[in-house]
Structure formats: C-alpha cells, structure tokens
Novice: 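One structure follows; several queries about it will come next.
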Amino acid sequence: MLENKEAPKTPLDSLGEFALIDHLTKSATTALASTVLGIGDDAAVLKHKGETVVSTDMLIEGVHFDLAYMPLKHLGYKAMVVNLSDIYAMNAQATQVLVSLAVSNRFPLEAVEELYAGIHLACKTYGVDLVGGDTTSSQQGLQLSVTALGIAPKTGAVLRSGASEKDLLVVSGDLGGAYMGLQVLARENEVFKANPQHQPDLEPYSYLVERQLKPEARKDVVQLLHDLKVQPTSMIDISDGLSSEVMHLCKQSGVGCRVYENKIPLDPQFISVCEEFNLDSTTIALSGGEDYELLFTIKQTDFDKIKGNPNLTVIGHMTAKGDAPSLITRAEEVIPLKAQGWKAF
Ligand code: ADP
Ligand code: MG
C-alpha cells in the first residue's frame, strides 16, 4: 500500500516502554462485570461464572502477514478476530483479551497506533475487554500475540470430539473467499512493484479482499444457535481450510464423514474470480485458509431448527468409525478428503 509521506513519524524510542503502553492502552476501558481489574497492575483480575475458555495465537510478519498489502489497522483487527474465532468455536462467549507486541524501531509510534486502532475497534465490535499484554522491542519486524478468554455456556464448551455417526455437518457463511482475496492482493502488489503509478481497481473483488483483510468471527452464529436452541455436538472454526477441519472433527470424534461437493457454500464473486485465476473453486474452498467460519455437527433431530437459515448450510453427515472422511463429487464419485491445510511452515 502507498505510504503517506506527509504523516508525522515519531520514533518509538522517544517515548520509552511505559509511556508507550500508557499511550496505546489509555482508551482500553473495561465494560464487563467479569473484569474485576484491567490494565495497570501486575496482572488482571477476572471473575467468571462457569467454565473459562482460553486460547492464544501468534502472528509473525513475513509468515502470517505481509505489510505490503495488510494495513496495520486491519492487522490489529484480524489478530483479534483470529483469536475470538477460537473462543466462539467452543460455543463460548468471548470476554477478555491480552495483546503482546514485539516491534522493531522501523515502526514509528503512528504505525503502532494504527495497529491498536484495529485492536480497540475489534474490542468494541465483539464486546470484549482488553485487560493486559506485554510490550517489547524486536530485532526485526513485528510480532503480535493475542490471548483471548471466554465463558462457556452452562451446557459446557463444545469440543471437536463430540460428533457421532449420522450427525449432520453444518458450516456457516461461505468458503474460500479469504484465500482468493489474498491471491487478488498479491497480484495487485506485483503489478504495483513493476509500475508504482498503477492504481489498482479492487472494486470487482471487494467481497474477497474484505474476507482477507477484514474477516469477522462468527459471534452471531453462536448466538443464533443459542436462540434456535440447537446444541452442537462438536465444533471447530475454519482457519486452515474445510478439509483439514473436517478431518480434525472426524479424528477427534472417532467417526467418518461424507461432504457433498454440490452443497459447499460459495459466493458468486468467489466462483467468477476462481475462473479468472484458472483455479478449481472446490479445491480452493476445501484447502484455502482463513475464512473463520464455524464448522459443527448437530443431531438430525435439530435439522428443522436450522433448515432454510441463510447463515447455515448442511454440507454432509458423519459416518461410522473407520470410514475415511470423503468428498462426494458432483459426478457422484467418492474421493478421500485430504488435509492440505494452510501450512505455516
Ligand atoms: P510488568 O513489567 O509487570 O509485566 P508491564 O509494564 O509490562 O508490567 O505492563 C504494565 C501493564 O500494562 C500490565 O497491566 C500489562 O498487562 C499492560 N500491558 C503491557 N503491554 C501491553 C500491551 N501491548 N497491550 C495491552 N496491555 C499491555
Ligand atoms: Mg510485562
């Protein structure tokens, strides 16, 4: 992205660690009753009723994000979403987050402010309190680690291991968009490097680019299932691509699975951009990462409660232990699902 050469640049080391922390966290007011004490002491103090759910994730510059096409505000927002998604994938409500940051002198204060603008925006959007973290310098680049906490419902957290034979496999939203958004951004970045005068027209790709740069965690789906009185039997979020997540559910639940190719929800823009890039849309939906949709199983008796809901699609069902997780293609061929995944290494 174009850098604004006019913007003021305040070197980070002109503030010192404590002033920097104060500066970044001054707008982090806490709102939840379960937050007894937030930022400012040696540790935060929380008071949760019921099971506490905790998850953490690390994002490394050059491995998980490229600042050439990821604006810092989006990065802050996405770092939060990635973690909150793991909490929602337990069928839990996210409540607090901690953010740890290692940053090199290459970044001025204004850049770190942008990052925190995204973090604070996500806190507001999802109704979570920022209650702590750590700030340190790094030799090179930016590293960000977010820890999210949440509260499981009275019925307990929903695990990957709870699916049974004949349960229906359900997914929220649509798949593959974030991966294709990244392909579009990478292509535009190559064109920009060759010709800095080039003004990219991302309008025809707006949905996909948004899926990549500003993903949302499906807090709404957890609420929807609660409102519909649907008790998921197992659940996972889709960070690495549908096939690897299906395989996690199968392995940990000790069941097989059949996924129907013609049921996988795809956005029309995704389908047309796959054609433009000469990529097979099913392959991308199965193996492209970072959609942050929820994948879960329900009892067949709950089907009527979700039937026709535009946010939810039944894509298959669980089968007997020992069956290989498989894809039933449009041509009605049965092929084994492979966990290509979104490999960090
Ligand atoms: P300590 O030296 O005891 O670890 P710090 O000076 O690192 O304390 O942190 C002071 C307070 O600021 C703590 O409440 C800590 O959780 C919070 N904090 C530090 N860095 C961050 C950050 N990047 N984001 C949010 N809170 C932070
Ligand atoms: Mg500290």
Side-chain angles (χ1 to χ4, degrees), residues 7-48 52-65 67 70-88 92-151 214-215 217 219:
K9 296 276 156 71
T10 314
L12 274 185
D13 50 15
S14 69
L15 273 97
E17 184 192 329
F18 300 126
L20 175 63
I21 295 172
D22 280 349
H23 186 78
L24 295 176
T25 61
K26 61 176 183 261
S27 64
T29 51
T30 61
L32 299 174
S34 57
T35 307
V36 179
L37 183 68
I39 289 169
D41 215 306
D42 295 313
V45 182
L46 310 177
K47 194 167 194 158
H48 285 166
T52 303
V53 177
V54 195
S55 177
T56 194
D57 253 302
M58 196 136 106
L59 291 173
I60 308 293
E61 184 178 358
V63 178
H64 302 104
F65 60 90
L67 290 173
M70 183 61 130
L72 280 157
K73 185 174 176 183
H74 287 79
L75 176 65
Y77 193 88
K78 183 167 176 174
M80 294 280 290
V81 162
V82 168
N83 277 272
L84 297 177
S85 178
D86 282 322
I87 301 296
Y88 299 130
Q93 275 310 327
T95 48
Q96 287 88 11
V97 290
L98 298 100
V99 174
S100 295
L101 186 67
V103 61
S104 79
N105 268 324
R106 189 181 111 220
F107 295 87
L109 174 65
E110 289 73 16
V112 187
E113 278 175 346
E114 277 292 294
L115 181 78
Y116 266 75
I119 291 170
H120 290 307
L121 177 62
C123 283
K124 208 170 150 221
T125 306
Y126 291 95
V128 300
D129 289 343
L130 175 64
V131 297
D134 198 21
T135 309
T136 163
S137 58
S138 86
Q139 293 284 354
Q140 226 180 10
L142 178 69
Q143 292 100 48
L144 190 61
S145 167
V146 179
T147 299
L149 294 106
I151 309 178
K214 197 172 178 290
K219 176 183 182 174

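Quick note: numbers below take in every heavy atom, side chains included, and nothing from hydrogens, waters or symmetry partners. Just so you know, ligand 1 is whichever comes first in the structure, and atom 1 is the first atom listed for that ligand. All residue numbers refer to positions in the sequence shown, counting from 1.
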Novice: Distance under 4.0 Å to a non-hydrogen atom of Asp134: what atoms of ligand 1 satisfy this?
Specialist: 7 (O), 19 (C), 20 (N), 21 (C), 22 (C), 23 (N)
Novice: Closer than 4.0 Å to some heavy atom of Thr25 - which atoms of ligand 1 meet that?
Specialist: 24 (N), 25 (C), 26 (N)
Novice: Just to be sure I'm reading this right: ignoring hydrogens, which of Ala102, Gly133, Ala28 gets closest to atom 18 (N) of ligand 1? Compare them by their nearest heavy atoms.
Specialist: Gly133
Novice: For the pair Ser138 (side chain) and Gln140 (backbone), establish whether a donor and an acceptor sit closer than 3.5 Å, ignoring hydrogens and angles.
Specialist: yes
Novice: Report the residues that fulfil ring-ring contact (aromatic ring centres under 6.0 Å, His included) with Tyr116, sequence neighbours left out, ordered by chain and then residue number.
Specialist: His120
Novice: I'd like to know whether His48 forms a side chain to side chain contact (heavy atoms under 4.5 Å, CB included) with Gln96, so could you lay out the CA-CA distance, the side-chain angles of the two residues, the decisive distance to 0.1 Å, and finally the verdict.
Specialist: CA-CA 11 Å; His48 285 166; Gln96 287 88 11; 2.9 Å; yes
Novice: Is any side-chain heavy atom of Val146 closer than 4.5 Å to one of Val82?
Specialist: no
Novice: I'd like to check which ligand 1 atoms, numbered from 1 as shown, lie under 4.0 Å from a non-hydrogen atom of Phe18.
Specialist: 6 (O)
Novice: Hey, are the side chains of Leu149 and Ile87 touching, using non-hydrogen atoms and a 4.5 Å cut-off?
Specialist: no
Novice: Tell me which part of Thr135 gets within contact of ligand 1: side chain, backbone, both or neither, using heavy atoms under 4.0 Å.
Specialist: both
Novice: Please classify the Leu24 to ligand 1 contact at 4.0 Å (heavy-atom distances, strictly less than): side chain, backbone, both or neither.
Specialist: neither
Novice: Can you name the atoms of ligand 1, numbered from 1 with element, that are less than 4.0 Å from a heavy atom of Asp41?
Specialist: 13 (C), 14 (O)
Novice: For Tyr126 and Met80, indicate whether the former's side chain and the latter's backbone hold a donor-acceptor pair under 3.5 Å.
Specialist: no
Novice: Among pairs that include at least one residue of residues 74-85, which meet side-chain hydrogen bond (donor to acceptor under 3.5 Å, both in side chains), considering only residues two or more places apart or in two chains?
Specialist: Tyr77-Glu216, Lys78-Gln212, Lys78-Glu290, Ser85-Asp237
Novice: Regarding atom 3 (O) of ligand 1: of the candidates Asp22, Asp42, Val99, which has the closest heavy atom?
Specialist: Asp42
Novice: Using a strict 4.0 Å cut-off to heavy atoms of Gly132, name the atoms of ligand 1 that fall inside it.
Specialist: 16 (O), 25 (C), 26 (N), 27 (C)
Novice: For Ile39, which part has a heavy atom under 4.0 Å from ligand 1: side chain, backbone, both, or neither?
Specialist: both
Novice: Pairs of nitrogen or oxygen atoms closer than 3.5 Å, one from Gly40 and one from ligand 1: do any exist?
Specialist: yes
Novice: State whether a side-chain donor-acceptor pair under 3.5 Å links Gln139 with Ser104.
Specialist: no
